[in-house]
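As a basis for the values below, the full set of heavy atoms in this structure was taken, side chains included, without hydrogen atoms, waters or symmetry mates. We name chains A, B, ... by the order of the sequence lines, and we start the count at 1 in each one.
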Amino acid sequence: MLARELYRTNPDRVRAALADRRSDAPLDRLLEVDARWRQVLAEVEGLKAERNRGSKQIGQLFAAGRRDEADAAKARMSALGARIAELEAGAARLGEEMAELELVIPNLPHESVPVGPDETANRVERTWGEPPTFDFEPRAHWDLGPGLGILDFERAAKVAGARFAVLWGMGAALERALVTFMLDLHRGRGYEEVYVPFVVNRQALRGTGQIPKFEQDLFHLEGTDYYLVPTAEVPVTNLYAGEILEEAALPKRLCAYTPCFRAEAGSHGRDVRGLIRQHQFDKVELVHLATPERSYEELEMLTASAELVLQRLGLAYRVVTLSTGDMGFAAACTRDLEVWLPGQGCYREISSCSNCEDFQARRMELRFRPTGGGKLRLVHTLNGSGVAVGRTLIAVLENFQQVDGSVVIPEALRPYLDGVERLTPRG
RNA sequence: GGAGAGGUGCUGGAGUGGUCGAACAGGGCUGCCUGCUAAGCAGUUGUCCAGGGUAAACCUGGACCGGGGGUUCGAAUCCCCCCCUCUCCGCCA
């Protein structure tokens, strides 16, 4: 949600930002409804003030024993009450429409974000590591995995459907090792680990911005108010929703493991092979809550935390700032980490780190009390993958594959795998 | 699943249908006192929305006592529905 003051006093700036985003958000409709709402509200409040004065008088008249006058006043107030109810119903309708409109307007991009229509306008900030070279044709994980006997799409399709996977044996252990490795790494850097519900309600999804615009991407538990989490960002960021934090308690840096569930509506035909795009995948998520003054420093730290995971694993990657046309709904600034995948011969997203500034905080009423006193302020929320576990497993398989189809386990993971150094093809 | 208790401000905790935005206590803040700290004394201290004013302060009005309806001239207070927490019983990992 944007600040009302912003779109009221500076609609042109908002309009320009929406254009940069290639957004067709109904700003003009919002401005119109807002104006009418304020007009009706002023009228309603004036009448209510009159009624409040009248009611108080009635009480006094009764106390003074002037019953006749009181009864007459009651009749007048009753008529007034009917008018108020009528006008108020109108104001409520306008207020609801306004709230709905506000919820579908995306965040404004930060001034540092490159302006452009899509991912071609993204800006590469830096690269780390050298993509490995092979003296053979590197294979994709969807060949390597089944060859190692650790990855099984057929049986997943049998028990669930397309876009699911079964990990066998060392594959399952590797997945779990990656999760633990990542959580340990972040915990060691001052993050507090949290374990959160894997289902969330509509209110939480509204808080982080998945609802109402992206409801079709979610798995809904029929007959309930519950949805499977599409990312730990939702339960973790909403932990303090509606609360007032002390400034001294900021920044908060949290990490959480959850599976993530996405309906992937509208992505038919994209990344149909392999583990890249699944209905269910594991992720370790990082969430920072910070003061506005610090939030961009926190974005750097958050990104660095995600990068460290890849560095420790020895995976080459690059950091990209998303352009205005490629950013997510709630973000003001997003840096993606893209890991090199030899099987695909390209960099693929493995982490997305965003500063949402006060956009989510306004939706979930997450505020802090400044240390020196003064008015409550909105917290800035940040989130990022630290990192996507399934895609990391892909990266490990593809980057450390050997000519014989075996895969060398990165040293950082060996303590989590009983010292195993290499996965070898089965029989 | 069954029975009961309860949800009030930053916290604890009162509250008779009408000067209740809410007693009291704690905490915070500001003064005073004090060699320092603690204690003590006095005062002060909610949020959101609209309008006015504006550098800010502030002023006027409205709303808010878990959420939503209802009764009433008027609801924290009465009625209905829902949610959540706690206790006991049952069940279960």
| Watson-Crick or G-U counterpart of C65(B), or none if no pair lies under 3.5 Å | none

| request: Using heavy atoms to find the nearest nucleotide of RNA chain B for Ala75(A) and Lys56(A) separately, return the residue whose nucleotide is more 5′. | output: Lys56(A)

| field | Sugar-phosphate, base or nothing in reach of Asn52(A), heavy atoms under 4.0 Å | value | sugar-phosphate

| query | Using purine N1 to pyrimidine N3 plus N6-O4 or O6-N4 for Watson-Crick, or N1-O2 and O6-N3 for G-U wobble, both under 3.5 Å, which nucleotide pairs with U19(B)? | reply | none

| Which two nucleotides bound the region of RNA chain B that has atoms under 4.0 Å from heavy atoms of chain A, read 5' to 3'? | C10(B) to G74(B)

| field | Any-strand Watson-Crick or G-U partner of C41(B), both distances under 3.5 Å | value | G31(B)

| Given Gln360(A), which of Arg206(A), Glu233(A), His380(A) fulfils the side-chain hydrogen bond (donor to acceptor under 3.5 Å, both in side chains) condition? | Glu233(A)

| message | Distance check, P atoms only: C29(B) and U37(B), in whole angstrom units. | response | 14 Å

| task | Searching all strands shown, indicate the nucleotide that pairs with G9(B) (Watson-Crick or G-U wobble; both distances under 3.5 Å). | result | none

| field | Pair Arg335(A)-Thr303(A), side-chain donor/acceptor within less than 3.5 Å | value | no

| Whom does A14(B) pair with, Watson-Crick or G-U wobble, provided both distances fall under 3.5 Å? | none

| task | Take atom C1' in U30(B) and the same atom in U16(B), then report the distance between them in whole Å. | result | 37 Å

| task | In whole angstrom, give me the gap between the C1' atoms of G31(B) and A14(B). | result | 30 Å

| query | Above 12 or not: heavy atoms from other molecules or residues under 6.0 Å from CZ of Arg13(A)? | reply | no

| request: Using the P atoms only, state how far G53(B) lies from C64(B), rounded to an integer number of Å. | output: 28 Å

| said: Taking the six-membered ring of Trp37(A) as reference, does the cationic atom of Arg8(A) (NZ for Lys, CZ for Arg) lie under 6.0 Å from its centre and within 45° of its axis? | reply: no

| query | Touch check for Leu80(A), heavy atoms < 4.0 angstrom, all strands: base, sugar-phosphate only, or nothing? | reply | nothing

| query | Contact class for Arg51(A) (heavy atom, under 4.0 Å): base, sugar-phosphate, or nothing? | reply | sugar-phosphate

| query | Taking atom C1' in both U19(B) and A75(B), what distance in whole Å separates the two? | reply | 16 Å

| field | Nearest-Å distance once atom C1' is located in both G74(B) and G51(B) | value | 25 Å

| query | If pairing requires Watson-Crick or G-U wobble contacts with both distances under 3.5 Å, which nucleotide is the partner of U77(B)? | reply | none

| said: Within the 4.0 Å heavy-atom criterion, would you say Arg367(A) contacts the bases, only the backbone, or no part of the nucleic acid? | reply: sugar-phosphate

| request: Return the orientation label for the His279(A) and Phe219(A) ring planes: parallel under 30°, perpendicular over 60°, tilted otherwise. | output: perpendicular

| task | Check whether any side-chain heavy atom of Ser323(A) lies under 4.5 Å from a side-chain heavy atom of Arg123(A), and answer yes or no. | result | no

| task | Test Ile394(A) against every option in Leu275(A), Val389(A), Val339(A), Ile350(A) by the side-chain contact (heavy atoms from CB on, under 4.5 Å) rule and name the one that passes. | result | Leu275(A)

| field | P spacing across the pair U47(B) / A38(B), given as an integer number of angstrom | value | 27 Å

| query | Hey, does Ala73(A) reach any base, or is it just sugar-phosphate, or nothing, if we go heavy atoms under 4.0 Å? | reply | nothing

| message | For Phe329(A) together with Phe214(A), are the ring centres under 6.0 Å from each other? | response | yes

| message | Any base atoms under 4.0 Å from Ile58(A), or only sugar-phosphate, or nothing? Heavy atoms, all strands. | response | base

| query | Whom does U60(B) pair with, Watson-Crick or G-U wobble, provided both distances fall under 3.5 Å? | reply | A50(B)

| field | Complement of C86(B), any strand, by Watson-Crick or G-U distances under 3.5 angstrom | value | G4(B)

| request: Could you say whether Arg38(A) or Arg369(A) is positioned toward the 5' end of RNA chain B, judged by the nucleotide with the nearest heavy atom to each? | output: Arg369(A)

| task | List the steps and the verdict of side chain to side chain donor-acceptor pair (under 3.5 Å) for Thr231(A) and Lys283(A). | result | CA-CA 8 Å; Thr231(A) 160; Lys283(A) 187 152 62 76; 2.9 Å; yes

| request: Taking atom P in both G13(B) and U87(B), compute the distance separating them and give it to the nearest angstrom. | output: 15 Å

